[in-house]
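Beneath this line is the structure, given in structure tokens, with notes to follow.
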Amino acid sequence: MNETAVRVRGLRKRYGDVDAVNGVDLDIFRGEVFALLGPNGAGKSTTVEILEGHRRRTGGDVSVLGVDPGKPTREWRARLGIVLQTSNEQPELSVREIVRHFAGYYPRPRDVDEVIEAVGLTEKAGARLALLSGGQRRRVDVALGIVGGPELLFLDEPTTGFDPDARRQFWKLIEGLAHGGTTILLTTHYLDEAETLADRVGVIVGGRVVEVGSPMELGGRANATARVGWLGPQGRQSIETDSPTQVVAELSQKFDGEVPELTVARPTLEDVYLAMIGADR
Amino acid sequence: MTTPALPSTARIGLSRGALELKGYFRETSAVVFTLAMPVILMLIFGSIFKGEVGHTGVDFRQYFAAGIIASGIMSTTFVSLGVSIAQERDDGTLKRLYGTPMPKAAYFIGKTISALVLSLLETLLLFVLGNVLFGLKPPSTPERWLTFAWVFVAGVAVCTLLGIAISSVPRSGRGAAAVLNLPYLVLQFISGVYFTFGDLPSGVRQVGAIFPLKWMCQGLRSALLPDTLLAAEPAHAWEHGRTGLVLAAWGVAGLALCMTTFRWKRRRDG
Ligand SMILES: Nc1ncnc2c1ncn2[C@@H]1O[C@H](COP(=O)(O)OP(=O)(O)OP(=O)(O)O)[C@@H](O)[C@H]1O
Ligand SMILES: [Mg+2]
């Protein structure tokens, strides 16, 4: 599992006089699900689109499946799946027509109906794209990204516009792909999504990667102390502790049973993320 | 792990052609603006125009019919392609395709196939109308059929290349129709579609003769109309050699432009 699918060193991208990406290092291992988090304008799409061969980099070394994305070949493209952040085209075609057509580009495409099923569009398979809702349209994008049976899948904010149920369904799809060995790089603004799907998370701020780690470890989350809170005689009280279970047991004895308004909390991924990007809380 | 072969460019090109045509016919506005427009113009002007071209015995409406067939070819290739490609660049179709293993050539093969099919259809439509309404006759000899065929094919090829090339000019998909229709309209007036070419002032004729439409019109007249018309042609000859040369030159220029200026991305895509 230590083979790298994506290797990035010192990646830079300049637009005019703005450094949108400013020295990004990244390793994504084969079979891994890697989530890129970061505020709007942090440089996520720019980074991902450079890896996809859509944008030229200003500097740095990049290898994607052993190939420099600045020199794309058909063979290399056949091993990738791409879901761009925005797309909105071919309104006159039906879901099945467009998925079948794109399948024809690949040497070893997946079964068209199976792909449509996987993105939950079976009932809409005959409908023209113009008549789909925003979330359904987005699922077509995902279908077109996976129909070639990619080794490496790029997903730029794939679930934007999905209803909660569709998002869960999408998570299952991604878990299934990951289980089958597909390497996945996704960007998202949903921390629960990153937490559920990603083996590792990278946080990018102002064109730089500020931290990489598993969702559980990020920002020292795993070692963070827990905060136990309750309603005491003088009002709300709380203490930080490394052994919350013991504290609760003691409190329970003190109150002789139920502790009023008991809470035990560890920092959520959102807490550490917001601290990391320097947001005020 | 053995890698299965990538699907051939020809196969993907054909499937793109089929997809293009399917999408085209489902989009009513495209059909109206490119396919139906020349038909409508033919009906309107055909009912206004009358008389003979000079003293050649050729009905001006037949002269006009040959011109509108050439202009129809330009509509289904140059205008239609230029607009559709500019829109596809704008809405991200091109960017998505660029990210797949589709060979670049297959995209252009698809466009060419659809342009060719639409041009054939348009020509047939206009010819049948011209025949029923103005008594336009099919080419009278095998030589004239041959002329008709090569002028048609060269016209489609040149206008297709120029349509692909000019698609990179409009800044957005929405502005594309305006950018493409301007040269199309102007050329129709100075190439011998609505007016007898020989009646135009010589300065206008010289400008018209720089561009392909004039030569396509003249080539089609030489295939469809009798030689008595030569009396009214400024050169008093059909000039097939020169027609071939001008169209070939535009073809080469168009191809070079396509290869050097074609963009798969929007300007803002970095
Ligand atoms: N083509 C471009 N020309 C100029 N500047 C650009 C271009 N594309 C992106 N930028 C700038 O680069 C920065 C990074 O943009 P990018 O799209 O990579 O951000 P992002 O992390 O994907 O944001 P979001 O979460 O909003 O999608 C932004 O400041 C953006 O304005
Ligand atoms: Mg983005």
Heavy-atom pair with the smallest gap, counting every atom of A/I82 and B/G99 = CD1-O, 3.7 Å
Tell me, do B/L6 and A/R108 make a side-chain contact under 4.5 Å, heavy atoms counted?
-> no
Got a sec: does the CZ of A/R208 have more than 12 other heavy atoms crowding it under 6.0 Å?
-> no
Please state whether the side chain, the backbone, both or neither of A/R79 comes within less than 4.5 Å of a heavy atom of chain B.
-> neither
Grab the two heavy atoms, one from A/S94 and one from B/R26, that are nearest each other, plus how far apart they are.
-> N-NH1, 4.1 Å
Pick from B/A106, B/P7, B/G23, B/S15 with the largest number of heavy-atom pairs that fall under 4.5 Å of chain A | B/P7
Assess whether atom CZ of A/R7 is packed by more than 12 heavy atoms of other residues, nucleotides or ligands within 6.0 Å.
-> no
Hey, is CZ on B/R171 packed in by over 12 heavy atoms from elsewhere, all under 6.0 Å?
-> no
Measuring heavy-atom distances to chain B, does A/F102 have an atom under 4.5 Å in its side chain, in its backbone, in both, or in neither?
-> side chain
So, A/R77 side chain and B/Y98 main chain: donor-acceptor pair closer than 3.5 Å or not?
-> yes
Answer yes or no: is there a donor N or O on one side and an acceptor on the other, between the side chain of B/K22 and the main chain of A/L93, under 3.5 Å?
-> no
Chain B heavy atoms under 4.5 Å from A/I98: which part of the residue, side chain, backbone, both or neither?
-> neither
Please name the pair of heavy atoms, one in B/A5 and one in A/P107, separated by the smallest distance, quoted to 0.1 Å.
-> O-CB, 3.4 Å
With rounding to the nearest 0.5 Å, note down the distance linking OH in A/Y105 to CZ in B/R16.
-> 4.0 Å
Under a 4.5 Å heavy-atom cut-off, does chain B meet the side chain of A/P91, its backbone, both or neither?
-> neither
Side chain from CB out, backbone as N, CA, C, O: work out which of these in B/K95 comes under 4.5 Å of a heavy atom of chain A, or both, or neither.
-> both
Please say whether more than 12 non-hydrogen atoms of neighbouring residues, nucleotides or ligands are located less than 6.0 Å from CZ in A/R9.
-> yes
In Å and rounded to the nearest 0.5 Å, what is the CZ to NE2 distance from B/R96 to A/H54?
-> 9.5 Å
If you tally heavy-atom pairs under 4.5 Å against chain B, which of A/E52, A/E75, A/E92, A/E49 wins?
-> A/E92
